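Written below as structure tokens is the structure these notes are about.
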Amino acid sequence: MDEPATENAWDHFDNTWLADFIGLSLTAAIEKAEAEGRPARVLRPWSDMTLDFRPDRLNLRVDAAGDLIEMSAG
């Protein structure tokens with residue numbers, strides 16, 4: 001007997017909006033997210049973060065100097 005197909009959060013996850021943030025500075029990325037009504041959070045080295053998945057949220061990871069080193073959705 002075949003197993004029923006299951007869905008998960010990733011089945012309908014669209015992060016194509018992230019492309020609009022490529023090349024922006026940390027400040028510009030935060031301002032753009034705010035202007036779009038998109039939640040954003042800055043993740044610093046050794047900082048705690050919640051593990052809740054929000055596909056519309058912009059995660060901005062910075063290094064110890066405060067320079068933007070990575071962006072992701074969630």
Side-chain angles (χ1 to χ4, degrees):
M1 193 152 96
D2 292 332
E3 293 285 324
T6 59
E7 282 192 17
N8 62 49
W10 295 104
D11 289 342
H12 304 287
F13 179 53
D14 175 16
N15 66 352
T16 56
W17 57 265
L18 275 173
D20 295 338
F21 289 84
I22 293 173
L24 298 180
S25 68
L26 177 63
T27 302
I30 292 170
E31 289 172 355
K32 180 172 178 52
E34 288 175 353
E36 293 178 1
R38 185 176 300 286
R41 65 178 170 180
V42 176
L43 303 167
R44 302 183 189 290
W46 309 286
S47 65
D48 294 331
M49 69 178 217
T50 61
L51 297 178
D52 61 316
F53 179 70
R54 300 205 35 202
D56 64 327
R57 178 172 49 203
L58 176 63
N59 295 314
L60 301 161
R61 187 170 302 278
V62 298
D63 62 15
D67 295 323
L68 182 61
I69 57 172
E70 181 183 337
M71 289 186 290
S72 63

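For clarity, every value in this text was computed on a predicted model and none was experimentally measured.
Take D67 and apply the side-chain contact (heavy atoms from CB on, under 4.5 Å) test, not counting sequence neighbours, and it matches D63, A65. In terms of the side-chain hydrogen bond (donor to acceptor under 3.5 Å, both in side chains) criterion, R54 has no residue partners (sequence neighbours excluded). For the side-chain contact (heavy atoms from CB on, under 4.5 Å) test, residues two or more places apart in sequence or in another chain that qualify with T50 are R41, D52, R57.
The hydrophobic cluster analysis finds W46 isolated: no Ile, Leu, Val, Met, Phe, Trp or Tyr side chain comes under 4.5 Å of it, directly or through other members.
Between P55 and A73 the shortest heavy-atom distance is O-CB, 3.9 Å. Minimum heavy-atom separation, P45 to A64: CG-N, 3.5 Å.
Taking the side chain as every heavy atom from C-beta outward, D56 and P39 approach each other to under 4.5 Å. Between V42 and N59 the shortest side-chain heavy-atom distance does not fall below 4.5 Å.
Counting only residues at least two apart or on different chains, the side-chain hydrogen bond (donor to acceptor under 3.5 Å, both in side chains) pairs with a member in residues 21-35 are K32-E36. Identified under the ring-ring contact (aromatic ring centres under 6.0 Å, His included) test for residues 19-39, with sequence neighbours left out: W17-F21. Each salt bridge (Lys or Arg N to Asp or Glu O under 4.0 Å) pair with one or both residues in residues 15-24, not counting sequence neighbours, would appear here, but there are none.
In terms of hydrophobic clustering, with Ile, Leu, Val, Met, Phe, Trp and Tyr side chains grouped at heavy-atom distances under 4.5 Å, L18 and V62 are assigned to a common cluster.
Taking CG of N15 as the start and OG of S72 as the end, the distance is 9.0 Å to the nearest 0.5 Å.
Between L60 and the options L68, L43, I69, a side-chain contact (heavy atoms from CB on, under 4.5 Å) holds for only L68.
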